[in-house]
Each structure stands twice: as C-alpha cells, then as structure tokens.
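Right, one structure below, let's go through it.
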Amino acid sequence: MSVDLIHVMVGAILDEDGRVLVTKRPDHVHQGGLWEFPGGKLEPGESTEHGLARELAEELGIEVHDSHPLIRIRHHYGDRHVLLDVRRVRSYAGIPAGLEGQPLAWQRPETMDPACFPAADRPVITALRLPGRMLITGPDPFDPEVFLPRLARAVAGGIRLVQLRAHDLNHAAYRDLARRAFLLCEQGGARLLLNRDPQETVDVPRHGLHLGGQALARLRERPGRPDDLVGASCHAADDLFRAARLGLDYALLSPVNPTTTHPDAEPLGWRRFAELVDAATLPVYALGGLAWSDLEIAREHGAQGVAAIRGFWPID
C-alpha cells in the first residue's frame with residue numbers, strides 16, 4: 001500500500017546569540033516526547049512562505065517577516081513519508097510562546113543531541129551547524145610562506161570551513177601543511193577538512209575529512225573519528241545516495257556552471273542541481289564557477305551554500 005507524502009513546513013528560528021528554538025512533541029503522538037523544530041502541514045495551494053508564517057503564528061504567536069530556504073528532507077518512517085521543507089527565519093515580530101501547550105527551549109546547534117530529535121530532523125541540525133561558504137584552498141601549497149598568509153586572510157574575511165586540497169604534495173609535505181593550517185584555522189574560528197586518503201591522516205590534527213569521488217565509490221563505511229565532519233564530492237544522484245548511506249554530513253555537487261579547471265565537464269545548471277538536491281537527504285553545497293554573490297541563488301535552489309576555489313581564495 002502506498003503512503004501519501006506529508007509536506008511539512010518547518011521554521012529554524014534563531015535568536016541573537018545563535019540559539020535555535022525547538023519544541024517538544026506530545027507523548028501520545030508519532031515520535032512523541034522528542035524535540036523538533038516548530039512547524040506543521042502545508043495546506044493545498046499554499047505557498048511555502050505563507051504556510052510557514054501561518055503555522056508559526058498558530059503555534060508560537062509570532063509574525064514572520066523574512067525567511068529563506070535552509071534544507072528539504074524526505075524521510076520514510078515506515079507508516080508515513082514526510083517532506084520537511086525547512087526555512088531559516090531571519091526576522092519576526094513577537095515573543096514565541098507554546099500556544100498549544102508545547103514546551104519550548106532555545107538550544108545551540110553545536111550542542112543539540114540528534115538522538116533527542118526525530119530521524120527526519122537530524123540533517124536539519126547538521127545544516128544549522130554548517131556555514132554558507134566552504135573555501136577549497138587554491139594555488140601555492142608548495143610554498144607555505146605564500147599559501148598560509150592567503151589562508152589567514154580568507155579566515156579573517158569570514159571563511160569558517162576550509163577544505164585543504166593539495167593533491168600534488170607528497171605525504172610528508174601535506175601532513176606538515178595540514179598541521180600549520182589547522183593551528184591557523186583554530187585561531188581564527190574555522191574548521192579544517194583534509195582532502196586526503198583517510199589512512200594517511202590518522203594522526204594529523206583536523207576538524208574533519210573530505211572525500212574525493214574515487215574514495216567515495218570504494219568506501220563501505222563512514223571513515224574517520226566520531227567527531228569528524230565528513231563530506232564528499234558528488235556529480236550525480238548515485239553519488240549523493242552513497243554519501244547519505246555512508247552517513248556523511250554534507251556533499252559538494254558540481255559543476256553547476258562551466259569552469260576553467262574542468263572545461264570538458266558538462267555543467268548541471270541550476271535546474272538540474274535543484275532536482276538532484278531535492279532528492280538528497282543531507283546538506284549539499286553548490287560548486288563550479290561560483291562566487292560569494294551566488295549564495296542566495298544557490299539557497300533558492302536548495303543548496304546549503306557555495307563552495308569555491310577561485311571565488312574565495314585571496315590573490316595578491
């Protein structure tokens with residue numbers, strides 16, 4: 001027997017301290033007793049923005065002024081199939097209150113316990129923890145005295161997620177550069193992801209790992225430590241499915257636009273990108289011929305944000 005899709009509008013409401021509002025489900029309902037992000041079913045013919053505003057007015061007594069897409073998650077619970085259409089609420093009027101008797105709490109994304117939320121909500125926590133920009137490091141890894149000051153400028157300019165990509169460096173040189181880059185990122189409040197065979201970086205300081213397409217294809221289980229942020233490069237629906245099945249935290253999907261580094265690769269375009277992301281079950285960054293100015297269009301097409309080399313790597 002087929003199970004109808006339940007389209008649910010969800011609000012990620014942040015306060016000035018970066019905390020997110022969550023509500024507790026009644027004990028007697030599906031997924032009862034767990035925390036969740038507030039929202040409810042989208043009515044037929046209703047726009048996503050209007051549906052979210054209506055639900056948050058009914059549940060919390062607030063008036064939403066501005067929101068933008070965060071992530072869409074499809075999840076099968078066996079007895080029901082839900083689509084969580086999550087929007088980050090950027091401004092609203094009023095003081096949230098549990099108008100339906102539901103307990104409220106403000107929690108920081110980094111300290112949320114995913115086990116206390118329904119399974120469909122857990123990728124939302126990851127999305128809230130991730131920034132909108134990922135820097136993929138650019139040229140000059142052979143000259144750390146040029147490379148590291150450029151990385152420092154990028155972090156000082158607001159980059160909070162860095163993928164250390166330096167395939168041409170030998171094992172020892174990469175490990176040395178990674179150690180120095182890690183200290184720099186730690187000091188600047190950024191996280192460093194190592195794009196290297198996980199077996200070669202076991203004892204190298206890091207905040208996570210990034211897997212290339214070949215590594216993603218051959219792995220049978222999630223690599224790294226439990227606290228690692230782990231993602232992968234993807235180019236098709238099968239790649240995104242594998243990344244989700246391995247329990248990865250994010251994916252890069254490329255190329256969205258033509259690029260000079262891969263001129264023979266056929267670009268996805270925003271329409272195909274959105275189709276692929278809509279079926280994904282983890283946060284996805286758009287990559288390929290993009291810059292910071294593309295963030296809003298990327299989010300409107302379902303992206304977590306934008307990843308780039310040339311667009312984010314400082315040049316003299």
Side-chain angles (χ1 to χ4, degrees), residues 123 126-127 129-131 133-139 141-142 147 151 161-182 185 190-256 259 261-262 264-268 273 276-277 279-290 303-310 312-313:
T126 303
R129 292 173 175 173
L130 289 170
R133 289 184 288 176
M134 177 191 291
L135 165 66
I136 304 171
T137 57
F142 287 99
F147 182 93
L151 177 57
L161 190 59
V162 176
Q163 180 196 142
L164 183 58
R165 184 179 184 275
H167 296 324
D168 293 334
L169 289 185
N170 63 37
H171 182 47
Y174 185 91
R175 290 164 62 90
D176 180 68
L177 185 65
R179 290 191 177 96
R180 298 176 67 180
F182 176 80
C185 288
R191 286 178 285 180
L192 182 70
L193 309 175
L194 304 185
N195 185 336
R196 201 74 169 188
D197 185 333
Q199 297 302 317
E200 297 180 2
T201 58
V202 172
D203 59 347
V204 179
R206 63 178 189 255
H207 300 98
L209 301 169
H210 183 83
L211 310 174
Q214 293 182 355
L216 175 64
R218 67 172 178 265
L219 284 172
R220 295 296 177 266
E221 60 183 15
R222 176 188 166 104
R225 305 179 301 237
D227 62 340
D228 275 331
L229 179 64
V230 185
S233 295
C234 298
H235 305 286
D238 287 348
D239 299 335
L240 292 170
F241 177 78
R242 177 177 290 276
R245 189 173 63 183
L246 288 171
L248 304 193
D249 299 301
Y250 73 88
L252 304 186
L253 181 58
S254 68
V256 176
T259 67
T261 52
H262 298 88
D264 297 330
E266 183 176 354
L268 296 167
F273 175 89
L276 293 171
V277 171
T281 56
L282 74 172
V284 179
Y285 285 91
L287 172 65
L290 303 176
Q304 169 71 28
V306 172
I309 302 175
R310 295 176 183 271
F312 299 154
W313 187 242

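FYI, side chains are in, hydrogens and waters are out, and symmetry mates aren't considered; it's all heavy atoms of this structure.
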Decide yes or no for [X] and [Y]: does some side-chain heavy atom of the first lie under 4.5 Å from some side-chain heavy atom of the second?
| X | Y | answer |
| --- | --- | --- |
| W313 | I136 | no |
| L192 | Q163 | no |
| V162 | C185 | yes |
| L282 | T126 | no |
| I309 | T137 | no |
| R206 | L193 | no |
| L252 | C234 | no |
| L287 | V256 | no |

Give the intermediate values and the outcome of ring-ring contact (aromatic ring centres under 6.0 Å, His included) for residues H207 and F182. CA-CA 8 Å; H207 300 98; F182 176 80; 4.7 Å; yes
Closest heavy-atom contact between [X] and [Y]?
| X | Y | value |
| --- | --- | --- |
| G231 | L248 | C-CD1, 4.0 Å |
| P139 | F147 | O-CD1, 3.6 Å |
| P223 | V230 | O-CG2, 3.9 Å |
| G289 | T259 | N-CG2, 3.4 Å |
| G224 | L209 | CA-CD1, 3.8 Å |

After noting the C-alpha distance and the side-chain angles of T281 and F241, does the key distance pass the side chain to side chain contact (heavy atoms under 4.5 Å, CB included) rule? CA-CA 8 Å; T281 56; F241 177 78; over 6 Å; no
So, taking the atom named CZ in R175 and the one named CG in L194, what distance separates them when rounded to the nearest 0.5 Å?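 Separation between the atoms: 10.0 Å.
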From CZ (F273) to OG (S254), nearest 0.5 Å: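 Answer rounded to 0.5 Å: 9.5 Å.
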Output all residues satisfying side-chain contact (heavy atoms from CB on, under 4.5 Å) with A308, sequence neighbours left out; order by chain, then residue number.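 Partners of A308 under the side-chain contact (heavy atoms from CB on, under 4.5 Å) test: F312.
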Using modelled atom types and a 3.5 Å cut-off, is there a donor and acceptor pairing between side-chain atoms of [X] and backbone atoms of [Y]?
| X | Y | answer |
| --- | --- | --- |
| N170 | A172 | yes |
| D239 | A236 | yes |
| Y174 | R165 | no |

Candidate pair R220 and L246, rule side chain to side chain contact (heavy atoms under 4.5 Å, CB included), full reasoning: CA-CA 7 Å; R220 295 296 177 266; L246 288 171; 5.7 Å; no
With sequence neighbours excluded, what pairs up with R133 under the side chain to side chain donor-acceptor pair (under 3.5 Å) test?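 Not a single residue meets the side chain to side chain donor-acceptor pair (under 3.5 Å) criterion with R133.
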Go through R179 and D176 one step at a time and tell me if the salt bridge (Lys or Arg N to Asp or Glu O under 4.0 Å) criterion holds. CA-CA 5 Å; R179 290 191 177 96; D176 180 68; 5.6 Å; no
Of all pairs that satisfy salt bridge (Lys or Arg N to Asp or Glu O under 4.0 Å), the ones with a partner from residues 242-253, not counting sequence neighbours: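 Matches after skipping sequence neighbours: R222-D249.
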Side chain to side chain donor-acceptor pair (under 3.5 Å) partner of Y250, chosen from R129, H210, Q304: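 The residue from R129, H210, Q304 that satisfies side chain to side chain donor-acceptor pair (under 3.5 Å) with Y250 turns out to be H210.
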Take L253 and L276, measure what side chain to side chain contact (heavy atoms under 4.5 Å, CB included) needs, and give me the verdict at the end. CA-CA 9 Å; L253 181 58; L276 293 171; 3.8 Å; yes
